[in-house]
Amino acid sequence: MIGLSPERRKNGSDSSAADSIDLYSFGIREGISETIISTGLECPNAAPIGIIVKGGRTFVRLFKGTHTWENVSKEKYLAANVVYDPLLLVRSTFFDLEPSEFDYVPVHGFSFPILKTALAWIVFECTDLKNTDHALVADLIPVKAGFNEANWKSLPLPNRGFNAVLEATVHATRYQLTGDEKYLKLIRHYESLASKCGGENEKKAMKLLYEVLGL
């Protein structure tokens, strides 16, 4: 069941005022918070992207040519999903997720896609969009947020294996772009750590990553 943010539950209102959403309580904190971002009103899409908080500013950087970049450029909204599923992390990086993996929440008169397995989610309006040669940078204003309370029952403790899969996935995307062998060395390093510290899901995620890279 999708829950409203604590402030809205307390007030008994579905107001989406930005100042009622405490990003810290949803896991978005100073630095780069690694989330899976969902976009696309007509055709939902998901991809791992960091939400950046720096000097009181919350923003995102999206590489040109991606589905996320295209959707945000057109629709000006995105949802940050807090997820601790290593296999979903790899799948959403290299494959399109199934439509059945998305749920929808009402935002400003339309239904916006979020991930069913997310522990928490925040829908942002994207403002002050600026295009560079390689990316789009947008400031983020939170307009609605909530917890998937059933998913909190399986909240994992910090695990080096999951973090290793995260790092390996980042290096895998760089290897695909550049073909630089140094990224293969890093991927193998983190694969060893994922196998040592992670569980079955981390091992499955690394196996899938290797298959994607043809290793």
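Nothing here was measured: the structure is a model prediction, and the numbers come from that model. Values below: every heavy atom of this structure, side chains too, minus hydrogens, waters and symmetry copies.
Between Trp121 and Leu115 the shortest side-chain heavy-atom distance does not fall below 4.5 Å. Inter-residue side-chain proximity for Tyr104 and Ile114 is flagged as unmet; no heavy-atom pair is nearer than 4.5 Å. When side chains are defined from C-beta on, Thr93 does not count as touching Val212, because their heavy atoms never get closer than 4.5 Å. Taking the side chain as every heavy atom from C-beta outward, Lys54 and Arg57 never approach each other to under 4.5 Å. Using a 4.5 Å heavy-atom threshold, the side chains of Leu23 and Phe124 count as touching. Side-chain contact between Lys185 and Tyr175: absent, with no pair of heavy atoms (C-beta onward) separated by less than 4.5 Å. Looking only at side-chain heavy atoms (C-beta outward), Thr68 and Leu78 stay at 4.5 Å or farther from each other. Side-chain atoms of Leu88 and Leu97, non-hydrogen and from C-beta on, do get closer than 4.5 Å to each other.
A side-chain contact (heavy atoms from CB on, under 4.5 Å) with Lys64 is found for one member of Asn131, Leu136, Thr132 and no other, namely Asn131. Results of the side-chain contact (heavy atoms from CB on, under 4.5 Å) test with Ile37 over Asn81, Val60, Asn71 single out Val60 as the only residue that passes.
By the 6.0 Å contact criterion, NZ on Lys76 is enclosed, its count of non-hydrogen atoms from other residues, nucleotides or ligands being greater than 12. The number of heavy-atom neighbours closer than 6.0 Å to NZ of Lys116, taken from other residues, nucleotides and ligands shown, is above 12. Within a 6.0 Å sphere centred on CZ of Phe63, other residues, nucleotides and ligands contribute 12 heavy atoms or fewer. Enclosure of atom OH in Tyr84 is not indicated, since only 12 or fewer non-hydrogen atoms of other residues, nucleotides or ligands lie within 6.0 angstrom.
A salt bridge links Glu101 and Arg91; the closest N-O separation between the charged side-chain nitrogens and carboxylate oxygens is under 4.0 Å.
When atom types are taken as modelled, the side chain of Arg29 and the backbone of Tyr24 share a donor-acceptor pair closer than 3.5 angstrom. Panel note: side chain Ser195, backbone Ser192; no donor-acceptor pair is recorded below 3.5 Å. Side chain of Thr35 to main chain of Ile49: a donor-acceptor pair is present (N/O by atom type, distance under 3.5 Å, no hydrogens or angles). No donor-acceptor pair under 3.5 Å is formed between the side chain of Glu167 and the backbone N or O of Tyr190. For Lys144 (side chain) and Pro106 (main-chain N/O), a donor-acceptor pair under 3.5 Å exists by modelled atom type. At distances below 3.5 Å, at least one donor-acceptor pair connects side-chain atoms of Ser38 with backbone N or O atoms of Pro113. Side chain of Glu202 to backbone of Gly199: a donor-acceptor contact under 3.5 angstrom is found.
Within the model, atoms OG of Ser73 and CG of Leu62 stand 7.5 Å from one another, a figure rounded to the nearest 0.5 Å. Rounded to the nearest 0.5 Å, atoms CD1 (Ile51) and CZ (Phe59) are 10.5 Å apart. Taken to the nearest 0.5 Å, the OG1 atom of Thr127 stands 4.0 Å off from the CD1 atom of Ile141. Note that OG1 of Thr117 and CZ of Phe102 are 9.5 Å apart. Values are rounded to the nearest 0.5 Å. The CG atom of Leu186 lies 8.0 Å from the NZ atom of Lys182; values are rounded to the nearest 0.5 Å. For the atom pair Leu215 CG and Lys207 NZ, the distance stands at 14.0 Å (nearest 0.5 Å).
Linking ILVMFWY residues whenever their side-chain heavy atoms come closer than 4.5 Å, directly or via other members, leaves Val170 and Tyr210 in distinct clusters. In this structure, Leu87 is a member of the same hydrophobic cluster as Leu209, with clusters built from ILVMFWY side-chain heavy atoms closer than 4.5 Å. Phe112 and Val143 fall within the same hydrophobic cluster, defined by Ile, Leu, Val, Met, Phe, Trp and Tyr side-chain heavy atoms under 4.5 Å apart, directly or through other members.
Between Gly198 and Asn159, the closest heavy-atom pair is CA-OD1, 3.9 Å. Nearest approach of Glu30 to Gly55, heavy atoms of both residues: OE2-N, 3.4 Å.
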Problem set entry | Residue pair Thr169, Phe94: steps toward the side-chain contact (heavy atoms from CB on, under 4.5 Å) verdict | CA-CA 9 Å; Thr169 303; Phe94 298 103; 4.2 Å; yes
For this session: Show your reasoning for whether side-chain contact (heavy atoms from CB on, under 4.5 Å) applies to Ile187 and Leu213.
Result: CA-CA 11 Å; Ile187 291 168; Leu213 297 180; 3.6 Å; yes
For this session: List the steps, then state whether side-chain contact (heavy atoms from CB on, under 4.5 Å) holds for Arg61 with Ile52.
Result: CA-CA 8 Å; Arg61 184 177 292 107; Ile52 306 168; 3.8 Å; yes
Problem set entry | Evaluation steps, side-chain contact (heavy atoms from CB on, under 4.5 Å), between Asn45 and Thr66 | CA-CA 10 Å; Asn45 178 72; Thr66 64; over 6 Å; no
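Using a 30° and 60° split on the angle between ring planes, Phe110 and Tyr77 fall in the perpendicular class, above 60°.
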